[in-house]
Each structure stands twice: as structure tokens, then as C-alpha cells.
Amino acid sequence: MMRFLRRYLWPRWVRSGRVLLGLLSVLAVLAIAVVAPVLAPHDPLAQDLSLTLRPIELRGVYPLGTDGLGRCVLSRLMFGARAAVLVALPAALGALLLGGGLGLAAGWLGGRVERAVGWLAAAWVAFPPVVLALLLVAGGSGVAMAAMLSAWPLFCRVLRAELQAVAGRGHVAAALMLGFPRGQVLWREVVPAVLPAALALLAWVAAGAVGLEAVLAFLDLGGAPDRLSWGRMLADGWEVVFLAPINLVAPGVVLFSVMAGLALLGDGLRGTMGLALPEARLADDAMAGDGP
Amino acid sequence: MIASLGWRLLVAVPVLLLATLVLFVVLRVLPADVAAMALAPGATEAEIAAMRVVLGLDGLLPVQYVIWLGQMLSGEWGLSAQMGVPVARLVGTALPATLELAALAGVVCGVLGFSGGLLLFALRREGGQREGRAALAETGTTLMMAVPALLWALLLVLVFALGWPVAPVGGRLAPGLAWPPGTGFLLLDALAAGDLAVFGSALGHLVLPAVALGLGFAPPVMRVLGAALAEAYRAPFIDQARLRGLSGAQVLWGQALPLAAVPALAALGRQFVLLLGGVAVVEAVCGYPGLGRLLVEAVRAADLPVLQVAGLAFAVVAVLAQAVVEGVCRGLAPRVRA
């Protein structure tokens, strides 16, 4: 009984420090993004031109100071989490569905489908992800769409390789020989087996999407010039770095922490959920969605 | 090796053709008004209508694609909509700059990746009571992966160009130095002209962006090399080599590293392609006038003639680099499934 409880209520991946740390930071960002309007001490767009470039005053009116237009840095950081979540979440999930679907279809159906998907992915990855995202933004797509469309080949490649490793195992062959429909075998035996890899990759791709959003906002592309984004804050902070360094340091530290949290989560999941691939295969795929 | 390299380069041709199709769809089918993108802002209705005919927008999509592909292949790239300068000249000056930067960044990435990988492996091998240290190093690479090249570039420029000015940023050459004639590859031209002052200045302008890119993209190479070395040491021929009386260093450099270097090299190739994407933002931070900055400015101005050629140039460089690395890796180790 105890062993049953340990296995199902307290599995190994929950006990991994990396997973806990990663989950904690991801949940924190999600929570802040949701309740930003309640939590933020000020309107992130409100300018206070009498109090520009204030330094950190933890007990003051502006806890993390203000930027060049007198806007509250802390409030802007909190609202910036929304931009990150609104890009990373749909981009990572969409890339998982699109790339994972194509990858599994290619690996499971083989033949023409596999060749077609292979060529499509090869043509797609001819463009470095950031370049592709820039072109997509120029073509009129949103940042989340650009992030998704530049990340799907990664899921496609990794899940296809995972599927090939899983399909060679005895229980899959046995299920097929017992006469279960192929679709059912895919859904019941193969998909659960490749899920850990998909989840680990999901975290990494989300980290890459957060980075891509910051880069595009830094370059002031694919959105309004006054959007609330950590990348925009980096660009603004860069202008005033010697007058009020907090304007650059704060978004930099936040961006790093969030990406590090997601990367640790992916790392921990990969390390503890028992993937079919040897470490070397996934390690080099890590963060491949991370353009910059 | 020649055969595998030749085969990879041959496969690169259809891949590039398909890539042009992707580019065509992204830039010519998805946008709302392609004709307006191909003209300077403020063009009249009549000019836009005329451009529509020039671009063949009234024809069927496959026909449009064939016409467009012909223009791309024959070098009829037209004028930049924003700057009114021939696109060929813009890309022709920006591409060598970016190739120089990317090559140097690739070298930095390789050096960091291989030395980091050896370090990871050394920490892991100590094992026993120091296992914690190996896990810590492992986590360190994860944290390093979480620092995008954008942050590295900001940090390096802040410290080494603004705070303590040891490396110049902005442009490719210090003002006042004469540009040597030649190919546009500044380092090569300077060497050919024997002008060490120009060479030093050009190299100095490359250091910060190249190191930022190298730091940003090296960690996966480190991890692959570390894991591949651990894998190699489980092979029986390593025990064999030890029994033959080879020293630890001889086993590492002569036996294990050549085997482990192949997957690490493949990873380096993949990272190089990603690094090409990172060029766009790092060039913007460092004020380096390369293809990345050209692309970013073209996106900002919706400058279609520049966008399509710059995008294609990135794809050509990425595909060729990938093909060369894969060909070399296959040649070195035929069982690598690249």
C-alpha cells in the first residue's frame, strides 16, 4: 500500500529539486500574470514626469524605482509577465500539437507521409528560428504565431525519434500482433511513452518562446511600440543604464529567472521521468527553440 | 568523407528550393498588401497598381512563384523600397560582415563548448563524494542556457565597451582607418593588404558580438561532449587501451575524444544554425552593420525586396553550413544518424 502511494502520489519527478524549483517559478509567473492588475502598485502606463529615473526604494512609492518617463518599474515587470505568458503558452502548446502530431504521424504511418513531413521540416529549419520568426512577423503574423511556427520542427524531430525508440519495444509489437487497431495502439501504448519527452521539451520550448518574445519586443517588432514586455523594458533601460541601472537590471534578472525556471523544469523532467533517448540526443535539442 | 560531403551538398539543393517556397508563402502569400511592401512608403494608388503587374500579382499563385523564383535565382533583386539602393549592394556588403562574425562566433562557441564539455566530464569522472559537484556543473550549464545571447550582448557591451572601454562597438572599423580594397571580408582584405592596424581594429569590433554569441550557444555543445565522453568510456576498447598501458591522458586524447567529438561536432553544427539567428539581435545591440541588422531594419520598414533576399541569404548560409557539418560527421563516423 505504501509503495503504491509513493509511486502514484509522490512520484520521483515531484521530489526532484530542479522540477520543484522550475514549477515554482512557472507558477509564480502565471499567478503574477493573472493578478497583475490587483498586485501592481501603479498603473504600468501612468507617467509621473516629476519622478523619473527613481532608484530602488523598497518602502517608497515606487519600490523598484521608475523609468525615464516616470513609470513604475515593478508594475511594468508584473504586466510584462502577461506578454511572456500570452506568447509562451500558446506557442509551446501549439508547437506541441502541430509538431508532435506531424512527428507521430510520420513515424507511425511511415512511407509517403514520413517523407513528406521530413522534407517539410527540412525546408522549415533551413531558416534559423529567429530569422524565420522575423520573416513571419514581417508577413503579418503575431509574435505567438511566429514563436509557434519556428518551434514546431523541434517537437517533430524529437517525438519522431522517441516514437521510433518506443515502437521497437516488445509491448508495442505484442499489441499490434494481438490485432489491436493501429490507431488504438498509438494512443494507448505509444503516446503515453513519448509524453515525458514531450513535456520536457514543452518547458524548453516555452523558455525559448519567452526569449523570442523579449527579443522581438527589444527590437520593437511585431507589436505596439509602448507594449508592456520585458524586452521593451530592456530596450528602454538600455537608454538610461548609467542614470538608473535598475531599469536594465530588473527586466534582465526577471527574464533570466523565468527562462532558467523553465529550463530547470525541462531538465528535471527529462532526468526523472525515464526517457527512451540517451542523454546526448535530447541535450543537444535543448533550447533549440531558443533563438537569441 | 568526400563522398558523404558531396551527397549532403547535393541534398541541400532541393532543401533550398523548398525553403524558397516557404519564403514565398511567408512573404508573398500571407501579407495583406505585397505590392505596397515592395514600394517606398507614400506610393500612389497608380504606382501600387503598376507594381502589382510587375510582381505578377494578377496571375495564378504557382505562376507567381515561378516568376519570383526566376528573379531570385537570376539576381534581379530590384531596389530597396525604403532606401532606393540596389538590394544586391546592400546584401553584398552586409553578408561578408555577418559571415565573418558568424565564423568567429562559431569558433568561440566550439572552443567554449569543447573545453566546457571536457570540464563537465572531468567533474563527473571524479565521482564518489564529489558527485554533488558534477550535478552542480550540470545545473550550471542549464542556467547558462537560460541566458539568451541578447542578455550576454547587453552585459558584455555594458562592461567591456561602456564601463571599462577595452573593446570597441559600432561599425566594423575604427573611424579614420582606410578600408582596404577587395572582397568585403575585412579580416581577409586587411591580411591581403598587410595592414595590421586595420586587421586589429576589425578583430576588435568582432570580439564582443562573437563572444556574446559563443556564450549564448555553447552550453548544448558542452553537454553533448560531456555525455558522449561518458558514453565512450563505457566502450570496451577503452579498457583495452588501458590494459595496453596507455596513460590516462593518452586514453582521453587519443581514444575517447576522437569518438566523442563526432556528436559534439554535429551539435556544434546545429548550434551554428541557431547562432545565425542570434546574429540579428546581437548585431543590433553591438551596432554591427551585418545581415541581421539589415533584416531587422527591413522587417521594421516592411521592405519586401530586402526581406526576401536577406531571408534567402540566411537560409543559404544555414543550409550549407549544416550540410558541411553533417557531411564531415558522416565521413568521420558512418553510423552517425545526422
Side-chain angles (χ1 to χ4, degrees), chain A residues 18 119-120 122-141 149-150 204 207-208 211-212 214-215 218-222 231 234 238 241-242 248 252 255-264 266-267 271 278-281 283-288 290-292, chain B residues 14-19 21-23 26-27 30-32 37 138-139 142-143 145-151 154-155 158 162 216 219-221 223-224 227-228 231 263 266-267 270-271 273-282 284-285 292 295-296 298-300 302 304 307 311 314-315 318-319:
Chain A
R18 282 179 292 182
W119 280 108
L120 180 66
W124 211 261
V125 297
F127 299 94
V130 175
V131 171
L132 190 64
L134 286 172
L135 293 171
L136 283 162
V137 165
S141 67
L149 287 179
S150 54
W204 277 317
L212 185 65
V215 162
F218 181 86
L219 297 171
D220 198 3
L221 300 173
L234 282 174
W238 187 237
V241 62
F242 289 110
L248 183 73
L255 182 64
F256 166 72
S257 314
V258 172
M259 286 180 69
L262 283 164
L264 283 174
D267 236 28
E279 183 174 10
R281 274 310 305 270
D284 65 290
D285 288 327
M287 310 287 280
D290 165 35
Chain B
V15 168
L16 274 175
L17 269 181
L18 281 172
L21 196 58
V22 172
L23 193 65
V26 167
L27 288 180
L30 297 181
M37 271 174 88
E138 194 69 39
T139 308
T142 308
L143 294 183
M145 279 195 226
V147 184
L150 167 65
L151 285 187
L154 290 175
L155 194 69
L158 190 61
L162 302 174
V221 182
R223 297 176 74 140
V224 171
E231 183 79 31
R270 272 196 281 275
Q271 287 307 105
V273 172
L274 301 183
L275 184 150
L276 281 173
V279 159
V281 58
V282 169
V285 173
L295 184 71
V296 168
V299 175
R300 197 167 286 151
L304 181 66
L307 272 174
F314 267 113
V319 168

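Chain letters run A, B, ... following the sequence lines, proteins first, then strands; residues in each count from 1.
When the candidates B:Leu21, B:Leu27, B:Leu151 are compared by the number of heavy-atom contacts under 4.5 Å with chain A, B:Leu151 comes out ahead. Ranking B:Val221, B:Thr139, B:Val282, B:Leu295 against chain A, the residue ahead of the rest is B:Leu295, based on heavy-atom pairs under 4.5 Å.
Side-chain contact between B:Phe314 and A:Leu132 is absent, with no heavy atoms from C-beta onward closer than 4.5 Å. B:Leu158 has its side chain within reach of A:Leu248: a pair of non-hydrogen atoms, C-beta onward, lies under 4.5 Å apart. Taking 4.5 Å as the limit, every side-chain heavy atom of A:Val125 sits out of range of all side-chain heavy atoms of B:Val273. Taking the side chain as every heavy atom from C-beta outward, A:Leu120 and B:Leu18 never approach each other to under 4.5 Å. Between B:Val299 and A:Val137, the closest side-chain pair of non-hydrogen atoms falls below 4.5 Å. The side-chain heavy atoms of B:Leu143 and A:Leu264, taken from C-beta on, include a pair separated by under 4.5 Å.
Interface residue A:Leu221: only side-chain heavy atoms are found under 4.5 Å from chain B. Both the backbone and the side chain of A:Phe256 have a heavy atom closer than 4.5 Å to some heavy atom of chain B. With a 4.5 angstrom heavy-atom cutoff, A:Leu149 does not touch chain B via any of its atoms. Neither the backbone nor the side chain of B:Ala302 comes within contact range of chain A, judged by heavy atoms closer than 4.5 Å.
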Worksheet entry | Test log, rule side chain to side chain contact (heavy atoms under 4.5 Å, CB included), inputs B:Arg223 and A:Asp267 | CA-CA 12 Å; B:Arg223 297 176 74 140; A:Asp267 236 28; 3.0 Å; yes
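In terms of heavy-atom proximity, B:Val15 sits nearest to A:Ala126 at CG1-CB, 4.4 Å. Contact between A:Leu135 and B:Val26 at its shortest, heavy atoms only, is O-CG1, 3.6 Å.
For the atom pair CG of B:Leu17 and CH2 of A:Trp119, the computed distance is 10.0 Å after rounding to the nearest 0.5 Å. If you take CZ on A:Phe127 and CG on B:Leu276, they are separated by 12.5 Å, rounding to the nearest 0.5 Å. The structure places CH2 of A:Trp238 at 5.0 Å from CG of B:Leu162, a figure rounded to the nearest 0.5 Å.
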